[in-house]
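Everything below concerns the one structure shown next.
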Amino acid sequence: MRKRAIGPDAVVIDDLLDKETFAAMGSELANGRYESVHSRGWDKAWRVGDGVPLRGGAVYYDPFGAVDRPGARYPTSSVVDTFIDALRALAAQHPEVVGREGRDWRTIFLSPWLYPVGSALSLHLDGGAYAGAFTYFAHPTWGMHWGGELVLLDDDDDFVTPGAQLGVTGWLRRDEVGPALGTCVFARPNRLALLGPQRPHLIHRVDLNAGDHVRTSLAGFFLRA
């Protein structure tokens with residue numbers, strides 16, 4: 001396991017799971033059930049040009065019984081439990097990013113995600129009810145020119161001004177390119193990105209070069225107490 005800090009509120013961890021567990025995770029996600037993020041109407045977290053990502057069933061680590069929403073509960077008797085254990089351990093090592101369990105957050109929410117060719121997620125924030133967020137790349141292989149990178153913007157108030165656009169809190173008021181810089185996190189298999197709640201980010205469009213390869217991830221949030 002290798003770690004790289006990206007500023008004070010983001011950490012990237014490579015080789016999170018051992019090879020056997022990583023392979024088991026791939027099988028688990030490949031056999032899951034998915035639906036369009038817009039299956040119940042336009043989910044405005046994605047702009048109309050962001051394509052059609054697919055979302056799997058929700059899983060909650062919820063020891064306090066704080067969430068009354070449909071979804072599986074930890075322990076699930078699947079390899080997802082091993083992932084949640086590793087995620088909690090990393091969160092405990094990096095309270096500067098997501099806070100502390102039981103004090104700053106009490107629940108982890110996650111879902112599997114499939115981003116096929118042409119799909120993306122525009123620039124946004126995950127603050128509000130979330131103490132932090134995470135993305136774990138679970139596809140077995142990924143090419144340098146296949147797209148799907150996670151891009152983290154620097155905290156530049158001259159450009160990144162949280163506001164309301166299309167009625168969704170977290171969109172950015174302006175679309176033009178400003179002076180902000182960012183860090184590109186390639187979608188390397190078995191890589192986890194742990195993000196603080198005030199780090200704007202986006203998912204680059206999955207490129208035609210990916211062919212029938214699908215950007216596969218587990219992603220979710222640490223829900224505030």
Side-chain angles (χ1 to χ4, degrees), residues 1-7 9-32 34 36-37 45-47 49-56 79 83 86-87 90 94 97 110-126 132-156 159-160 172 175 177-196 199-220:
M1 188 181 297
R2 298 177 295 170
K3 295 184 185 180
R4 298 178 180 87
I6 304 175
D9 63 346
V11 178
V12 173
I13 299 95
D14 283 331
D15 304 319
L16 177 71
L17 304 177
D18 62 59
K19 291 182 179 180
E20 292 75 16
T21 306
F22 178 66
M25 178 66 75
S27 296
E28 178 78 14
L29 300 187
N31 290 300
Y34 296 86
S36 165
V37 295
W46 288 265
R47 299 189 182 192
D50 282 348
V52 185
L54 304 174
R55 176 169 48 205
V79 69
F83 171 78
L87 180 63
L90 287 168
H94 295 282
V97 177
L110 63 89
S111 289
W113 297 85
L114 303 180
Y115 277 74
V117 164
S119 56
L121 177 56
S122 296
L123 190 61
H124 65 287
L125 291 170
D126 289 330
F134 59 90
T135 296
Y136 173 71
F137 300 117
H139 34 248
T141 185
W142 200 253
M144 179 66 71
H145 302 291
W146 293 0
E149 302 91 351
L150 175 66
V151 179
L152 314 179
L153 263 66
D154 293 343
D155 186 10
D156 187 331
F159 173 63
V160 183
L172 306 186
D175 286 323
V177 175
L181 299 175
T183 299
C184 176
V185 180
F186 286 95
R188 183 181 187 272
N190 206 9
R191 167 176 283 175
L192 174 77
L194 194 65
L195 311 179
R199 179 63 75 99
H201 54 282
L202 59 89
I203 297 174
H204 268 169
R205 196 173 307 278
V206 178
D207 194 87
L208 285 171
N209 286 315
D212 59 358
H213 295 275
V214 176
R215 182 190 189 273
T216 306
S217 66
L218 282 173

Would you mind checking if Asp207 and Arg215 are paired as a salt bridge, meaning a charged N to carboxylate O distance below 4.0 Å?
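The answer is no: the pair does not qualify as a salt bridge.
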Please name the residue in the list Trp46, Phe134, Tyr34 that meets the ring-ring contact (aromatic ring centres under 6.0 Å, His included) test with Trp113.
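Between Trp113 and the candidates, ring-ring contact (aromatic ring centres under 6.0 Å, His included) is satisfied uniquely by Trp46.
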Is there a donor-acceptor contact under 3.5 Å from the side chain of [X] to the main chain of [Y]?
X: His145; Y: Gly143; value: no
X: Asn190; Y: Leu17; value: yes
X: His204; Y: Gly147; value: no
X: Arg191; Y: Asp14; value: no
X: His201; Y: Leu123; value: no

Between [X] and [Y], what is the shortest heavy-atom contact and its length?
X: Ser111; Y: Arg55; value: CB-CG, 4.2 Å
X: Ala219; Y: Thr135; value: CB-OG1, 4.0 Å
X: Trp146; Y: Thr141; value: CZ3-O, 3.8 Å
X: Arg47; Y: Ser122; value: CD-OG, 3.5 Å
X: Ala120; Y: Pro53; value: O-CG, 4.2 Å
X: Val117; Y: Ala210; value: CG2-CB, 4.0 Å

Roughly how far, to the nearest 0.5 Å, is [atom2] of [Y] from [atom1] of [X]?
X: Leu150; Y: Thr183; atom1: CG; atom2: OG1; value: 10.0 Å
X: Leu16; Y: Lys3; atom1: CG; atom2: NZ; value: 10.0 Å
X: Ile203; Y: Tyr115; atom1: CD1; atom2: OH; value: 4.0 Å

Would you indicate whether the side-chain heavy atoms of Met144 and Asn209 approach each other to under 4.5 Å?
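Counting from C-beta outward, Asn209 and Met144 never come under 4.5 Å.
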